[in-house]
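Take a look at the structure below.
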Amino acid sequence: MRKTSFGLGLAGTIIAFVIGVILLIVGAVSTAASYADWDEISENFDDVEITIDGDEYNVDIEGNYGNAPNVVFGAIGAWLIVGAVCLIIAGVLGIIGTVITRKHQSVAAGVLLIIASVLSIVSLWGLFATAFFIPAGVLAFIKDKNKQVAPAPQDGAVQ
């Protein structure tokens with residue numbers, strides 16, 4: 001079961017790292033967007049005209065946005081960055097648990113892989129990684145069967 005646990009743990013680790021890096025980038029962009037001045041952006045659209053099939057349309061964005069878009073982008077950015085950190089930590093625990101499975105320390109490997117799956121679930125974005133971490137952790141608890149040793153030949157047996 002070690003080979004299966006190793007393969008599943010490695011796949012879950014790769015998925016956790018990839019999704020974690022993507023979330024980190026999107027979260028950073030969303031956090032950067034939370035510092036925009038939306039009222040100034042809407043003023044830039046006052047003179048914009050769009051012509052479609054000879055008909056002119058004015059792009060008129062009215063209203064006082066206040067701080068609402070900044071709060072929304074900031075909250076989304078924070079949520080994505082927290083999810084990214086959880087997934088990256090899960091990936092680190094997953095790779096440690098995966099390497100430990102090769103060293104016959106099945107209990108420690110299983111515990112680390114299960115903790116990695118819990119961290120992946122907490123992020124809500126790592127459900128794909130969790131699908132690999134949970135079976136890898138369960139299979140890490142199962143010890144490999146001892147190899148069968150051929151019985152010693154009996155007296156008078158032909159070898």
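- With rounding to the nearest 0.5 Å, the separation of CD1 in Ile114 from OG1 in Thr130 is 10.0 Å.
- Taking both residues in full, the closest heavy atoms of Gly77 and Ser30 are given as N-OG, 3.4 Å, listed atom of the first, atom of the second, then distance.
- Across every non-hydrogen atom of Ser123 and Gly83, the tightest pair is CB-O, 3.5 Å.
- Annotation for Phe128: atom CZ does not count as buried by contact number, only 12 or fewer foreign heavy atoms lying within 6.0 Å.
- Under the side chain to side chain contact (heavy atoms under 4.5 Å, CB included) criterion, Leu80 pairs with Leu23, Val26, Ile76, Trp125, sequence neighbours left out.
- Of all the heavy atoms in Pro135 and Leu8, the pair that sits closest is CB-CD1, 3.8 Å.
- The same ILVMFWY cluster, assembled from side-chain heavy atoms under 4.5 Å apart, contains both Leu139 and Val107.
- A search for side chain to side chain contact (heavy atoms under 4.5 Å, CB included) contacts involving Leu93 returns Ile89, Leu112, Ile115, Ala116, Leu119, not counting sequence neighbours.
- In this structure, CD1 on Ile100 lies 11.0 Å from OG on Ser5, to the nearest 0.5 angstrom.
- Heavy-atom minimum distance, Leu124 versus Trp79: CD1-CZ2, 4.0 Å.
- Using a 4.5 Å cut-off between side-chain heavy atoms of Ile, Leu, Val, Met, Phe, Trp and Tyr, with links allowed through other members, Ile142 and Phe6 fall into the same hydrophobic cluster.
- Counting heavy atoms from C-beta outward, Ile95 and Leu10 have side chains that approach closer than 4.5 Å.
- In this structure, Ile88 CD1 and Phe17 CZ are separated by 7.5 Å, a value rounded to the nearest 0.5 Å.
- Considering only residues two or more places apart in sequence or on other chains, Ser106 meets the side chain to side chain contact (heavy atoms under 4.5 Å, CB included) condition with Lys143.
- In terms of heavy atoms, Gly94 sits closest to Thr13 at C-OG1, 3.3 Å.
- Between Phe141 and Val111 the shortest heavy-atom distance is CZ-N, 3.8 Å.
- Remark: Thr101 OG1 to Ile96 CD1 distance equals 12.5 Å, nearest 0.5 Å.
- Partners of Val18 under the side chain to side chain contact (heavy atoms under 4.5 Å, CB included) rule, at least two apart in sequence or in another chain, are Ile14, Ile22.
- Counting side-chain heavy-atom gaps under 4.5 Å among Ile, Leu, Val, Met, Phe, Trp and Tyr, the cluster of Phe133 also holds Leu113.
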